[in-house]
Amino acid sequence: ETGVTQSPTHLIKTRGQQVTLRCSSQSGHNTVSWYQQALGQGPQFIFQYYREEENGRGNFPPRFSGLQFPNYSSELNVNALELDDSALYLCASSPLATNTGELFFGEGSRLTVL
Amino acid sequence: AQTVTQSQPEMSVQEAETVTLSCTYDTSENNYYLFWYKQPPSRQMILVIRQEAYKQQNATENRFSVNFQKAAKSFSLKISDSQLGDTAMYFCAGSYNTDKLIFGTGTRLQVFP
């Protein structure tokens with residue numbers, strides 16, 4: 001069984017640039033969620049994708065957007081980067097049908113905005 | 001509002017001893033799940049234990065157990081026979097009728113030899 005994988009693991013951008021982060025869900029999981037974890041904080045929910053549609057969104061501005069593909073992999077896009085966007089971005093997958101709320105996380109992408 | 005609060009930023013314990021991490025939450029939902037996740041320095045969040053709100057019996061997973069007090073909205077994690085590999089950030093989280101998790105701010109646990 002393949003777990004959740006994310007790429008890239010680290011990246012550095014400057015203010016105003018755009019970034020795309022990628023995630024492959026665990027096999028058999030059709031739901032992908034993205035979380036932002038600032039340094040020293042708990043993860044904050046960004047949004048969730050189910051069957052290629054956004055299925056819930058946290059308190060993040062529209063410049064945070066996403067996609068889910070037919071193979072259930074997902075992308076997180078952030079436009080017009082700000083310094084406060086520096087964080088660890090975690091992708092998590094789940095088998096929505098179980099509705100247990102248990103998520104399986106990847107190791108994250110560490111974004112630094114200068 | 002649905003919240004999760006962890007009031008202990010850091011804890012330490014000696015190897016083989018027992019430690020309890022605290023968590024309180026707030027929700028008006030009747031159907032919810034509570035979790036403890038572990039995030040070691042490698043960063044990957046790992047589920048430690050899960051509790052269904054409708055179950056009165058406290059969940060147990062080997063050395064890990066919870067004390068779930070529904071009326072008090074308290075959900076503490078007890079780690080028995082602590083091991084060096086238990087050193088990590090521990091996050092309490094709640095899932096209130098959705099797959100979205102609401103996390104606390106975490107407790108950094110250091111296990112000393």
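A, B, ... follow the sequence lines: proteins, then strands. Residue 1 opens every chain. It should be emphasised that the depicted structure is a prediction, and the values quoted were computed from it without experimental measurement.
- Using a cut-off of 4.0 Å between Lys/Arg side-chain N and Asp/Glu carboxylate O, B:R63 and B:D86 are scored as salt-bridged.
- When each of A:Q41, A:E107, A:Q6 is scored by its heavy-atom pairs under 4.5 Å with chain B, the top score falls to A:E107.
- For chain A, the nearby part of B:Q39 is the side chain; its heavy atoms alone come within less than 4.5 Å.
- When the shell of 6.0 Å around CZ of A:R57 is examined, it contains more than 12 heavy atoms from other residues, nucleotides or ligands.
- For a residue to count as touching a neighbouring chain, one of its non-hydrogen atoms must lie under 4.5 Å from one of that chain's; by this rule A:Q37 touches chain B with the side chain only.
- Atom CZ of A:F47 has more than 12 neighbouring heavy atoms from other residues, nucleotides or ligands inside a 6.0 Å radius.
- Transitive grouping of hydrophobic side chains (ILVMFWY, heavy atoms separated by less than 4.5 Å) brings B:M89 and A:F45 into a common cluster.
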